[in-house]
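Have a look at the structure below before the remarks.
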2 protein chains.
Amino acid sequence: MAAAIADPVRRAILELLREQPLPARRIAERFPISRPAVSRHLRVLRECGLVRDIPAGRERHYHLDPSRFGELSAWLSGFTSRAAVWGQRLDALETEVHRTRRDRRRGGAAPDRLEDTA
Amino acid sequence: MAAAIADPVRRAILELLREQPLPARRIAERFPISRPAVSRHLRVLRECGLVRDIPAGRERHYHLDPSRFGELSAWLSGFTSRAAVWGQRLDALETEVHRTRRDRRRGGAAPDRLEDTA
DNA sequence: CGGAAGCGTAACCAGTAGGTTACGCTTCCG
DNA sequence: CGGAAGCGTAACCTACTGGTTACGCTTCCG
């Protein structure tokens, strides 16, 4: 499902469908690629459940199915929520690494002076 | 950047690094693929800014860089936020389509009875 | 009824992504 | 100092992805 969003054309289609439902023809004519290519992109999105279609005569109306977006969003939130934590730990970690290297070179536990890292 | 997350191995690496920073060796040994393969995955993540590395002697400590995750998360929120809206409009739309088809077949404006859609 | 419109699929082709092995460079340590 | 450890990169191969054209099926309409 993440693979479906990886493609820029498919992302554009989703943004298009976010504004309003559209028949396949209308979607295809907004891209510089051929209609069958768009048709396959639509199939990928359909199989991922990101998009649904309603047959309407000889047309086929596509619309967004937002239910699936939550999954990826939830996965991402597992990372963004810890941003602050790591941000705080980061400089401390970097300092620690530098200190360790210096210690080993000197062969002893040096105080945390920073004259060569500043 | 979305392409970086598309790969399952890279997602697993990110989840791994979310727990704690790790040297490349430790990351590689948790996957059934070769070490150079993991090394390239790490490069992709690095170039996307999802991950950063700190040289530590002959090792290279990798850690998460959560700042970029917000971008994708923000893009996704543009869809999830409208979930309720479209969910409400959806059945109405579907009904409308069916009604239109029926109307055209009959050649007149039919009342919105639902005997064949219910 | 018959042609046009709207879509999807099949077959084919080129570019890329991800895997492997071989290799080279730096860092550690006996 | 010299071998081992830890990484990254290059070269190569295969598989998949995304694009195109050709085609077939259903639906509309003069």
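Side-chain atoms are counted along with the backbone in the values below, which use heavy atoms only and exclude waters and symmetry mates. Throughout, protein chains are lettered first and strands after them, A, B, ... in sequence-line order, and every chain is numbered starting at 1.
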Could you give the [atom1]-to-[atom2] distance, from [X] to [N], as a whole number of Å?
{"X": "Glu29(B)", "N": "dC7(D)", "atom1": "CD", "atom2": "P", "result": "9 Å"}
{"X": "Arg26(B)", "N": "dG6(D)", "atom1": "CZ", "atom2": "P", "result": "8 Å"}
{"X": "Asp7(A)", "N": "dG15(C)", "atom1": "CG", "atom2": "P", "result": "18 Å"}
{"X": "Glu59(B)", "N": "dG8(D)", "atom1": "CD", "atom2": "P", "result": "11 Å"}
{"X": "Leu45(B)", "N": "dC7(D)", "atom1": "CG", "atom2": "C1'", "result": "16 Å"}
{"X": "Phe31(A)", "N": "dT20(D)", "atom1": "CZ", "atom2": "P", "result": "13 Å"}
{"X": "Leu42(A)", "N": "dC7(C)", "atom1": "CG", "atom2": "P", "result": "10 Å"}
{"X": "Ile54(A)", "N": "dG6(C)", "atom1": "CD1", "atom2": "P", "result": "19 Å"}

Which nucleotide wins on minimum distance to the side chain of [X], given the candidates [options]?
{"X": "Arg60(A)", "options": "dC7(C), dG19(C), dG19(D)", "result": "dC7(C)"}
{"X": "Arg35(B)", "options": "dC7(D), dC7(C), dG19(D)", "result": "dC7(D)"}
{"X": "Arg25(B)", "options": "dC7(D), dC7(C), dA10(D)", "result": "dC7(D)"}

So what's [N] paired with, Watson-Crick or G-U wobble, going by both distances under 3.5 Å?
{"N": "dT20(D)", "result": "dA11(C)"}
{"N": "dC13(D)", "result": "dG18(C)"}
{"N": "dG30(D)", "result": "dC1(C)"}
{"N": "dC25(C)", "result": "dG6(D)"}

Answer with base, sugar-phosphate or nothing: what part of the nucleic acid does [X] contact at a heavy-atom distance below 4.0 Å?
{"X": "Arg10(B)", "value": "sugar-phosphate"}
{"X": "Ala24(B)", "value": "sugar-phosphate"}
{"X": "Pro23(A)", "value": "sugar-phosphate"}

Main chain of [Y], side chain of [X]: is a donor-acceptor contact present, judged purely on distance under 3.5 Å?
{"X": "Ser77(B)", "Y": "Ala74(B)", "result": "yes"}
{"X": "Arg68(A)", "Y": "Cys48(A)", "result": "yes"}
{"X": "Arg52(B)", "Y": "His63(B)", "result": "no"}

Given DNA chain D, 5'-ward residue of the pair Tyr62(B) and Arg58(B), judged by closest heavy atom: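 Its nucleotide being nearer the 5' end, the pick is Arg58(B).
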Does [N] have OP1 or OP2 sitting under 4.0 Å from an N or O in the side chain of [X]?
{"X": "Arg40(B)", "N": "dC7(D)", "answer": "no"}
{"X": "Ser39(B)", "N": "dC7(D)", "answer": "no"}
{"X": "Ser34(A)", "N": "dT20(D)", "answer": "yes"}
{"X": "His41(A)", "N": "dT17(D)", "answer": "no"}
{"X": "Arg43(A)", "N": "dT9(C)", "answer": "yes"}

Other residues, nucleotides, ligands: >12 heavy atoms within 6.0 Å of Arg11(B) CZ: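 It does: Arg11(B) CZ has more than 12 such atoms within range.
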Pairwise side-chain contact, Met1(A) with Leu72(A), heavy-atom cut-off 4.5 Å (strictly under):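 Sidechains of Leu72(A) and Met1(A): in contact.
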Side-chain touch Leu16(B)/Arg30(B), heavy atoms, less than 4.5 angstrom: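 In short, these two side chains touch, coming nearer than 4.5 Å.
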